Amino acid sequence: MIWYKRIAAELLAPLVDKTPDEVEAQLVRPPQAEMGDLGFPCFTLAKTLKKSPPAIASDLVGKMSFPDNGVFTSARAVGPYVNFVLNSAYLAEKTAGVAIANPDAWGRSNEGDGRTVIVEYSSPNIAKPLGVHHIRSTMLGAALARVYEARGWKVVPMNYLGDWGMTFGQLMVAYKANEKESPNQAVDVHSLLKLYLQYHADAEEDENLADEARHWFKLLEDGDPEALRLWRIFRDESIVALKKLYARMNVHFPEDAFKGEAFYLDKMDATIERLREKCLLKESEGAQVVDLEKFDMPPCLILKKDGATIYATRDLASAEYRHAHYRFDKALYVVANQQELHFRQVFKVLELMGYGWARNCEHVKFGMLAFGPGVFGDKQATMATRKGRVIFLEEVLDRAVEKARELIEENARSEEVKANAGKLAEQVGVGAVIFSEFCQRRMKDVAFTWEKALNLHGDSGPYLQYTHARLSSMLRIYGKSLPARPRWELMTHPVAKSLFMKLSEYHDALRMSEAENEPSFLATYLLELAAEFNRLYTDKENHRFISDDVDLTAARMGMVEALRLTLAHGLGILGLAAPEAM
RNA sequence: GCGCCCGUAGCUCAGUUGGAUAGAGCGCCGGUUUCCUAAACCGGAGGUCGUGAGUUCGAAUCUCGCCGGGUGUACCA
């Protein structure tokens, strides 16, 4: 919560016979700065006090006094509201002052108290390149991991790769078919995709291939050396490509985070045994299930009628494994909406198994990505790899970088920027793509369009980066170190005060992002912060940052540095670079 | 049928633990650069907040019904 809200609440509470918590919950920000900085609505008091809200507001104002140099300078009744006016200098010191005095602590909190959170995210099916849609889980999860980290949690990232299944049998069939002609096929994600497409094309004509694929998958399951060898190659090459792409997006999984389906294969027997011991398994239509009728859900399938396991079985085993190894206090599954029922079932079964920690498991779901009009035809289109309706993430990144590069070459005003054009284009282009993921609440379905993905203007990643570059540039021009005690009281521009208020909300934006698992809150906050600064910055008739007034300039530079720190920190959490010049 | 999600400006979305005249970006129209970055900024046009009721001093926000769209509904994940 925001500290000055608390102080106002404590001031008012005894006067209105309520607890500070109750009062705090009611405080609002007035719609216009001229009305005041923090408002308390008096409507609810009207009944008990038998007076009109405006009269109550006036009475309350009369009962309060404000010391010099305190948090608030005054309060006044504006209609039915008691509106507090913040002491601008005090506010500045508590926000910008705190930020520049200890930059490393800005944006950090120990509210997580060292608790452990597992964040499962990205989790692609391997053996083909990442598609654009993978950006959702990947960026959401990576940002959440960083939010939790900044909030004082110990974060364990997990990438639950789809690295097992019939697909590998199919790939082996295609690989073997090619082996006669080219014995030493090079394998990478793109050739794997070709094998996948080749198999499905061939299987259309030759119905024996399906049996062959099943055969190869069976060999793999039985530990056949050749099948295992191929599987390892396919998997290793996939991970190499993944890591390369992740690195471009500032996503870094530690080596032991890549625990895919294959990792849990040998752990499922024990899970099934525990289910049996607890008498949760029951036969139904030849399969083994956990009945969830009492909870208004279809049964959770554990063993298919052919005795094979299924994804619920693996998710149960992985949850058990993770709790045993990491003793997590919270486990986040950043997985698409569609799997809502699946996770509800799995969490319920964990609960029925007697695991109290089941309620600390949370499905962080998100809406689906489809292709908007103009991408594949003039209507919305869903993904379909086999029909060629895919866009690879790498291509999106490359096109964005190319577009950024063109813009840089048009605009570059210094040799330094020109010399750095390559690196900068990468930061800006990739930043634009990443940021587009945070432009809406995660539950919204997204229609991919090139226009949106490549947006370098307006509410976008590059807008924030540009603002950061402006701030950095100003500090370079100023060229002096910042004062230990800036004279904040010299800054009287009304926008400056509202910027300090905005800065005071930064920790709250992070707190809310954590509480709701919603990084878009942070993105929205950063856009508002940057917009407010740009408004002040471009008000050149009334405001210049660097002037002959040494003290005033120093104070302004203090604010500039605080803004820069906030943008840099926030961009970092979202996974964007914060260039010093562009 | 039932579950979950979404419905706010022409388009894409903020605003949702109820508060003062509903905001931004894109697009459209018109402006701002001898000046610390015009990837920016300012102004204008543009809204029955899907819809009907209810709760409340007060509803885009809460409750219920309805409409539209998405998605899921045991042997794929």
Side-chain angles (χ1 to χ4, degrees), chain A residues 25-28 30-32 35 39-41 43-44 46-47 52-53 78-81 83 123 125 162 165-167 261 284-289 292 296-306 308-312 314-315 335-342 344-345 365-368 370 372-373 380 404 407-408 410-414 417 428 432 436 439-441 443-447 449 451-452 455-460 462-463 465-467 469-478 515 520-521 523-524 527-528 530-531 534-540 544-547 553 560 581-582:
Chain A
Q26 291 202 36
L27 294 172
V28 291
Q32 283 171 358
M35 294 173 171
F40 174 72
F43 306 101
T44 47
K47 232 176 228 167
S52 73
V78 180
Y81 290 85
N83 285 349
S123 311
N125 288 327
M166 194 54 70
T167 309
E261 294 176 57
S284 168
E285 297 172 29
Q288 293 290 317
V289 306
L292 297 174
D296 287 322
M297 283 188 268
C300 182
L301 203 62
I302 303 297
L303 288 173
K304 302 194 281 187
K305 64 179 170 219
D306 65 2
T309 57
I310 191 166
Y311 62 120
R314 281 190 279 281
D315 269 341
V335 180
N337 224 336
Q338 279 101 320
Q339 302 214 33
E340 203 260 349
L341 178 60
H342 163 72
R344 267 176 51 217
Q345 290 179 311
K365 48 195 173 174
F366 53 84
M368 178 179 122
Q380 282 248 348
L407 236 199
I408 291 164
E410 263 171 51
N411 292 353
R413 62 200 74 220
S414 73
V417 169
V428 173
S436 68
C439 281
Q440 64 282 313
R441 287 244 205 174
M443 279 310 297
K444 292 241 190 198
D445 286 342
V446 172
T449 60
E451 192 193 357
K452 252 195 294 179
N455 181 24
L456 308 179
H457 301 270
D459 284 352
S460 67
Y463 175 80
Q465 293 173 318
Y466 180 73
T467 307
R470 268 184 161 174
L471 290 158
S472 305
S473 157
M474 225 181 296
L475 289 158
R476 272 196 303 274
I477 290 163
Y478 178 62
S520 74
F521 289 163
T524 303
L527 286 173
E528 286 168 1
N534 282 320
R535 209 169 301 141
L536 180 66
Y537 180 80
T538 49
D539 181 10
K540 292 188 173 161
R544 294 182 59 82
F545 278 81
I546 298 169
S547 73
T553 301
V560 166
M582 62 190 274

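Computed from a predicted structure; not experimentally measured. Within every chain, numbering begins at 1; the chains are lettered A, B, ... in the order of the sequence lines, protein sequences first and strands thereafter.
No side-chain heavy atom of A/V428 sits under 4.5 Å from any side-chain heavy atom of A/Y466. Using a 4.5 Å heavy-atom cutoff, the side chains of A/D539 and A/R535 are not in contact. Side-chain contact check for A/L407 versus A/M582: every heavy-atom pair is 4.5 Å or farther apart. Between A/L341 and A/P298, some side-chain heavy-atom pair lies under the 4.5 Å cut-off. Looking at A/M474 and A/Y537, their side chains come closer than 4.5 Å, going by heavy atoms from C-beta outward.
The distance between atom CG of A/D296 and atom C1' of B/C4, rounded to the nearest whole Å, is 13 Å. Separating the CG atom of A/N411 from the C1' atom of B/U37 is a distance of 9 Å, rounded to the nearest angstrom.
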- When you check every protein heavy atom under 4.0 Å of nucleotides 70-77 of chain B, what one-letter string (B, S, -) results, 5' to 3'? SSSSBBSB
- Counting primed atoms, P, OP1 and OP2 as sugar-phosphate and everything else as base, the B/S/- map of nucleotides 19-26 of chain B against protein heavy atoms under 4.0 Å is BBB--SSS
- Task: Using a 3.5 Å limit on both pairing distances, list the dot-bracket string of RNA chain B from the 5' end; Watson-Crick and G-U wobble pairs count, crossing pairs take [ ], interstrand pairs take |.
- Result: (((((((..((((.....[...)))).(((((.......))))).....(((((..]....))))))))))))....
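In terms of heavy-atom proximity, A/I546 sits nearest to A/Y478 at CD1-N, 4.2 Å. Closest of all the heavy-atom pairs between A/Q440 and A/S520 is O-CB, 3.5 Å.
For A/Q26, the side chain to side chain contact (heavy atoms under 4.5 Å, CB included) partners are A/K18, A/F40, A/P41, A/T44, not counting sequence neighbours. With sequence neighbours left out, the side-chain hydrogen bond (donor to acceptor under 3.5 Å, both in side chains) criterion links A/T553 to A/S547. Every residue was checked against the side-chain hydrogen bond (donor to acceptor under 3.5 Å, both in side chains) condition with A/N411, not counting sequence neighbours, and none meets it. Qualifying side chain to side chain contact (heavy atoms under 4.5 Å, CB included) partners for A/D445, counting only residues two or more places apart in sequence or in other chains: A/M368. Remark: A/E261 engages A/R314 in a side-chain hydrogen bond (donor to acceptor under 3.5 Å, both in side chains) (not counting sequence neighbours). A/Y463 meets the side-chain hydrogen bond (donor to acceptor under 3.5 Å, both in side chains) test with A/N534; sequence neighbours excluded. For the salt bridge (charged side-chain N to carboxylate O under 4.0 Å, His left out) test, no residue two or more places apart in sequence or in another chain qualifies with A/R476.
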Short heteroatom pairs, N/O only, protein and nucleotides 41-44 of chain B, under 3.5 Å:
| residue | atom | partner | partner atom | Å |
| --- | --- | --- | --- | --- |
| B/C41 | OP1 | A/Y463 | OH | 2.6 |
| B/C41 | O2' | A/T538 | OG1 | 3.1 |
| B/C42 | OP1 | A/R535 | NE | 3.3 |

Write down the protein N/O and nucleotide N/O pairs, taken from nucleotides 16-18 of chain B, whose separation is under 3.5 Å; answer none if there are no such pairs.
none

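Close to B/U37, at under 4.0 Å from its OP1 or OP2, lies a side-chain N or O of A/S473. OP1 or OP2 of B/A39 has at least one side-chain nitrogen or oxygen of A/R413 nearer than 4.0 Å.
The CD atom of A/Q339 lies 12.0 Å from the NZ atom of A/K365; values are rounded to the nearest 0.5 Å.
The number of heavy-atom neighbours closer than 6.0 Å to CD of A/Q380, taken from other residues, nucleotides and ligands shown, is above 12.
If you check every strand for non-hydrogen atoms under 4.0 Å, A/M582 touches a base. Within the 4.0 angstrom heavy-atom criterion, no nucleotide atom of any strand lies near A/Y478. In this structure, A/A469 reaches the bases: a heavy-atom distance under 4.0 Å links it to at least one base atom across the strands shown. Looking at heavy-atom distances under 4.0 Å, A/I546 makes contact with a base.
The 5' end of RNA chain B is approached more closely, in terms of each residue's nearest nucleotide, by A/C439 than by the other of A/R544 and A/C439.
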